[in-house]
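Remarks on the structure that follows.
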Amino acid sequence: MKNVILDGENLTLEEVQEVAVGRAEIKIHPSAGEKVKKARAFVERALCEGEKIYGVTTGFGLLSDRLISLPQIDELQRNLIRSHSVGVGPFFDEPTTRAIMVLRANVIAKGYSGVRMEVLRRLADMVNRGVHPLIPEQGSVGASGDLAPLAHLASVMIGEGEAFYQGKKMAGRKAMEKAGIPLVTLKAKEGLSLINGTQVMTAVGLLALLRAERLSKAADIVGACTLDALKGTFSAFDPDIQRVRPFPGQLAVSRNFQKLGKYDPIAESHKSCSKVQDAYSIRCMPQVHGAVRDALGYVRKTLEVEVNAATDNPLIFADGGKILNCGNFHGEPVAFALDLLGIVAAELGSISERRIEKLINPALSGLPAFLTKEGGLNSGLMMVQVSAASLVSENKVLAHPASVDSIPTSADKEDHVSMGTIAARKARDIVRNVEQILAMELLCATQGLEFLLPLHPGRGIYEAYKAVREKVPPITGDRRFSDDIRKIYSLIETGELLHRVERVSGNLH
């Protein structure tokens, strides 16, 4: 198992996923240890000199004008964690929790937080030994970062809250004891440094983005299956068309379809037919799927910056001799990006549903109504389109941007907030819905291909067909189609479909 090395500067999105999903362990780079120790020494020196430091020798938010005496500083940090543990709703799943933890550790490793190395080590120990705090999904407005959910993470570190350990839910203190991890007694600034930041919205958004990137390739595979089932033309994917409107995503999708449709007897069989051009949902896949890719590129660039960003307040610049109050915890850059992620993923589902309609509607497909041989006795795939339509409409509601909203908090001290964590959760849910919609389209497209036998589709498309047929037999009469959808969804969600097709067609863009 690969170790992921944290230095606060070079963490990648894929490495976060390796820790979150693959359960890779994290190690602290020696250079990070030096930076952390230097910043901590500077904080302690400032304390000895009686400097007024927000959240260290003062209260928080509106209470920042209240001075805290030195004997009360440890109590202040503990009280901060307790009072901010106000999250509600379902808990984040284990991969998301692990992503949150590794991101928070990486921020501390950057060396601007001013905490002791002990705090960073304990956080790394929790990841490596599988102590997963129960973090409620709801309760963050995205500034000053993800205060409430991160407080639930920090609670376990001090022996409070709840956690999952070895598959069992238990008190945070008990989980730490069973894992052999000493509890942390928070010192000056350490409570604040554990909860000030955008790591929850970034973790949720990052995992959703990686799924969406894989999904964008799957959408090309599924769309190509539909194109062949409908006897559509590959001429709309000609490189010359894309060359005169050279968006990178559009070019990539066009190249993918050329790979997927290589050696295609179905396409050859209707080259001289009377149909001039296909519907937009078929013909415009390079433009729509391509625009999704370009938008995902922007989201990736934003998150690549954020995973290695210092998002504390105040920030400790030990080399410059400064402690600076700031707003790096504000989630606006991430909120904008994740709202965009939700919007473009929703569009990927929307165009997919339109292709499902083309497949099941005999007036548009030239195939039997609802893709069943004995219509009337059998309803066929009629309700699959209805279910897809339901998810598409749900996505339209979810795709409303969270970042256009703000509500003042903390007695108007925090008078503009990002709602970035809401944007992240919505984007995650939209991506999951689109995985289901594409599974429904693939069920319909592979059934459509049954009616064209013995003609086979292009090499990559045929491999997708075979992958489905290994899990789902051809439809000869009505059955519980939810079972079929679930099996095809698994092919998409696990990446097995993409792996199978790329093995035959070469890597897709």
### Task
Apply side chain to side chain contact (heavy atoms under 4.5 Å, CB included) to D412 and list each qualifying residue two or more places apart in sequence or on a separate chain.
P408, D415
### Message
Suppose the criterion is ring-ring contact (aromatic ring centres under 6.0 Å, His included): which pairs have a residue in residues 159-183, not counting sequence neighbours?
### Response
none
### Query
What residues form a side chain to side chain donor-acceptor pair (under 3.5 Å) with E118, not counting sequence neighbours?
R116
#### Entry: Residue pairs involving residues 320-335 (criterion side-chain hydrogen bond (donor to acceptor under 3.5 Å, both in side chains); sequence neighbours excluded)
H330-H416
### Task
State which residues pass side chain to side chain donor-acceptor pair (under 3.5 Å) with R300; sequence neighbours excluded, sorted by chain then number.
E14, E213, E304
### Message
Applying side chain to side chain donor-acceptor pair (under 3.5 Å), can you list everything that pairs with D220, at least two apart in sequence or on another chain?
### Response
N256, H289, R293
### Message
Between S69 and Q72, do the side chains contain a donor N or O and an acceptor N or O under 3.5 Å apart?
### Response
yes
### Query
Step by step, would you call N106 with N308 a side chain to side chain donor-acceptor pair (under 3.5 Å)?
CA-CA 7 Å; N106 194 55; N308 292 296; 3.0 Å; yes
### Summary
The salt bridge (Lys or Arg N to Asp or Glu O under 4.0 Å) partners of E177 (sequence neighbours excluded) come to none
## Note on the structure
The ring pair (Phe, Tyr, Trp, His ring centres under 6.0 Å) partners of F317 (sequence neighbours excluded) come to Y112
### Message
Any donor-acceptor pair under 3.5 Å linking the side-chain atoms of D125 with those of N128?
### Response
no
### Task
For the residue pair T96 and E137, confirm or rule out a side-chain donor-acceptor distance under 3.5 Å.
no
### Message
Please enumerate all residues that pass ring pair (Phe, Tyr, Trp, His ring centres under 6.0 Å) together with F336, with sequence neighbours excluded.
### Response
none
### Task
Check step by step if side-chain contact (heavy atoms from CB on, under 4.5 Å) holds for L150 and I100.
CA-CA 8 Å; L150 288 173; I100 293 167; 3.8 Å; yes
### Message
Please list all pairs meeting side-chain hydrogen bond (donor to acceptor under 3.5 Å, both in side chains) that have one or both residues in residues 429-442, counting only residues at least two apart or in different chains.
### Response
R211-E435, T226-E441, S352-E441, R355-E441, E394-N433, N395-N433, E435-Y489
### Task
Would you list the pairs meeting side-chain hydrogen bond (donor to acceptor under 3.5 Å, both in side chains) in which at least one residue belongs to residues 335-351, sequence neighbours left out?
D339-S403
### Task
State which residues pass side chain to side chain contact (heavy atoms under 4.5 Å, CB included) with V504; sequence neighbours excluded, sorted by chain then number.
R459, E463
